[in-house]
Amino acid sequence: MTARLRHRWTDIRDAVHARVLNGTYRAGDKLPRDEDLAAELGCSRSTMQRAMQDLSDSGLLERRRRGGTHVRADPVTRARLDIPIVRREVEGIGAVYGYRLRHRAYRNAPREVLNRLRLEAPRKLLRVEALHLADGAPYIAEDRWVCPETVPGILDLDLSEQSANEWLVRNTPYSRCDLAVTALQADAPAASALHCAPGAALLAIDRTTWIDAAPITTVRSICRPGYRLLTSI
């Protein structure tokens with residue numbers, strides 16, 4: 001194997017990023033063609049393309065078909081938010097994870113849920129209400145709707161033993177995610193589920209995923225008081 005093929009795409013990405021930081025490539029500049037940069041930096045063209053796409057996804061570069069690659073005049077800082085397996089999240093804070101299925105039903109979805117999933121026609125979906133625990137105390141109350149046409153295996157899953165969260169993250173890749181984070185005050189149902197006082201400050205995370213145009217799931221996770229949402233840039 002030659003030296004040019006041993007470069008990791010992350011090394012190439014960092015090398016191009018460094019040129020932006022040191023002013024070699026300035027805001028608005030057009031970068032050399034991928035093949036020219038690949039030859040200069042000693043990597044394959046596919047490695048270069050992957051590195052450049054990552055810089056584009058991060059908001060630093062703008063790539064246009066037939067227009068080349070430019071340093072963005074107004075760089076965007078984008079955070080990456082991975083969909084967590086709640087069990088791992090709980091164990092990561094040093095607590096013992098627990099799980100409780102509160103309700104499961106295969107029923108006609110309300111229009112609000114269909115709209116979130118961008119479904120026009122009435123549809124039966126699987127609704128799963130569950131509670132994730134940390135050291136026996138409520139951690140996240142989850143209200144989820146799943147489209148069995150996209151993930152038929154979910155209907156045969158014993159959701160009293162395994163959470164839909166963990167099963168979907170492990171078994172269903174997604175290509176798109178809509179996310180909204182809202183601060184709210186605990187209403188009576190949330191206060192009861194999370195064992196907190198009515199009116200307590202809570203964080204609600206609404207997340208909807210698709211694989212191509214096919215909806216997978218939409219879920220509202222209401223987190224206990226003091227919950228911290230972590231991301232990376």
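- Residues Asp206 and Leu179 form no side-chain contact, since every pair of their non-hydrogen atoms from C-beta on lies 4.5 Å or further apart.
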Scan the side chains in residues 184-202 for donor-acceptor partners under 3.5 Å anywhere in the protein, sequence neighbours excluded, and list what turns up.
unit_1: Asp187; atom_1: OD1; unit_2: Ala190; atom_2: N; d: 2.9

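- When all heavy atoms of Val146 and Arg144 are compared, the closest pair comes out as CG2-CD, 3.7 Å.
- Minimum heavy-atom separation, Lys30 to Gly67: CE-O, 3.7 Å.
- Counted within 6.0 Å of CZ on Arg176, heavy atoms from surrounding residues, nucleotides or ligands total more than 12; the atom is thus considered enclosed.
- The nearest pair of heavy atoms linking Trp9 to Arg50 is NE1-CZ, 3.0 Å.
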### Task
Kindly indicate, with the supporting measurements, whether the criterion salt bridge (charged side-chain N to carboxylate O under 4.0 Å, His left out) is fulfilled by Arg19 and Glu40.
CA-CA 13 Å; Arg19 292 185 179 187; Glu40 179 185 347; 2.8 Å; yes
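- Applying the 6.0 Å contact sphere to CZ of Arg107 captures more than 12 heavy atoms from other residues, nucleotides or ligands.
- In the model, Thr208 has no side-chain atom that pairs as donor or acceptor with a side-chain atom of Arg116 under 3.5 Å.
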### Query
Can you check side chain to side chain contact (heavy atoms under 4.5 Å, CB included) on Arg207 and Ile83, steps first, answer last?
CA-CA 9 Å; Arg207 189 165 44 225; Ile83 296 179; 3.7 Å; yes
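- Remark: Asp143 does not engage Arg220 in a salt bridge, criterion side-chain N to carboxylate O under 4.0 Å.
- Side chains of Ser56 and Arg63: no donor on one and acceptor on the other come within 3.5 Å.
- Remark: the Gln162 side chain and the Asp158 side chain contain no N/O donor-acceptor pair separated by less than 3.5 Å.
- Separating the CZ atom in Arg66 from the CZ atom in Arg64 is a distance of 14.5 Å, to the nearest 0.5 Å.
- With a 6.0 Å radius and a threshold of 12 heavy atoms from other residues, nucleotides or ligands, Arg170 has its CZ atom above the threshold.
- Although no hydrogens or angles enter the test, the distance criterion places a donor-acceptor pair under 3.5 Å between the side chain of Asp29 and the main chain of Arg26.
- Residues Thr172 and Ile211 are not in side-chain contact: their nearest non-hydrogen atoms beyond the backbone lie 4.5 Å or more apart.
- Judged by distance alone, the side chain of Asn22 and the main-chain N or O of Thr24 form a donor-acceptor pair under 3.5 Å.
- Taking every heavy atom of both residues into account, Ser163 and Tyr99 meet most closely at CB-CE1, 3.4 Å.
- Its side chain within the 4.5 Å cluster rule, Leu125 clusters with Val113, Leu114, Leu117, Leu119, Trp145 among the Ile, Leu, Val, Met, Phe, Trp and Tyr residues.
- Comment: Asp36 engages Arg33 in a salt bridge, judged by a side-chain N to carboxylate O separation of less than 4.0 angstrom.
- Counting all heavy atoms, side chain and backbone alike, Trp210 lies closest to Asp178 at CH2-OD2, 3.4 Å.
- Nearest heavy atoms, Ile154 versus Ala164: CD1-CB, 4.4 Å.
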### Query
Yes or no on side chain to side chain contact (heavy atoms under 4.5 Å, CB included) for Thr217 and Leu168, after CA distance, side-chain angles and deciding distance?
CA-CA 9 Å; Thr217 185; Leu168 286 167; 4.1 Å; yes
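- In this structure, CD1 in Ile12 is found 13.0 Å from CD in Gln49, a value given to the nearest 0.5 Å.
- Between atom CG of residue Leu126 and atom CG of residue Leu159 there is a gap of 6.5 Å, rounded to the nearest 0.5 Å.
- Note: Gln53 CD to Asp34 CG = 9.5 Å, rounded to the nearest 0.5 Å.
- To the nearest 0.5 Å, the span separating OG on Ser221 from OH on Tyr227 amounts to 8.0 Å.
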### Task
Take Ile140 and Ile222 through the test side chain to side chain contact (heavy atoms under 4.5 Å, CB included) and record every step on the way to the result.
CA-CA 6 Å; Ile140 291 177; Ile222 301 181; over 6 Å; no
What side-chain donor-acceptor pairs closer than 3.5 Å can you find for residues 131-139, not counting sequence neighbours?
unit_1: His132; atom_1: ND1; unit_2: Tyr97; atom_2: OH; d: 2.7
unit_1: His132; atom_1: NE2; unit_2: Glu142; atom_2: OE1; d: 3.1
unit_1: Asp135; atom_1: OD1; unit_2: Val96; atom_2: N; d: 2.8
unit_1: Tyr139; atom_1: OH; unit_2: Glu89; atom_2: OE2; d: 2.7

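- Annotation: side chain of Val16 is in contact with side chain of Leu41 (closest heavy-atom distance under 4.5 Å).
- Cluster annotation: Val219 and Leu101 are assigned to distinct hydrophobic clusters (Ile/Leu/Val/Met/Phe/Trp/Tyr, side-chain heavy-atom contacts under 4.5 Å, transitive).
- Taking the side chain as every heavy atom from C-beta outward, Arg123 and Glu149 approach each other to under 4.5 Å.
- Judged by distance alone, the side chain of Asn171 and the main-chain N or O of Trp167 form a donor-acceptor pair under 3.5 Å.
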### Task
Applying side chain to side chain contact (heavy atoms under 4.5 Å, CB included), run through Arg72 and Leu60 and close with a yes or a no.
CA-CA 6 Å; Arg72 290 183 63 107; Leu60 186 67; over 6 Å; no
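- The shortest side-chain heavy-atom distance between Cys223 and Ile205 falls under the 4.5 Å cut-off.
- Checked for salt-bridge contact, Arg13 and Asp11 miss the test: no charged N lies under 4.0 Å from a carboxylate O.
- Panel note: side chain Asn165, backbone Pro84; a donor-acceptor pair is recorded below 3.5 Å.
- Distance check, rounded to the nearest 0.5 Å: CD of Glu120 to CG of Asn115 gives 9.5 Å.
- Side-chain atoms of Thr209 do not come within 3.5 Å of backbone N or O of Tyr174 as any donor-acceptor pair.
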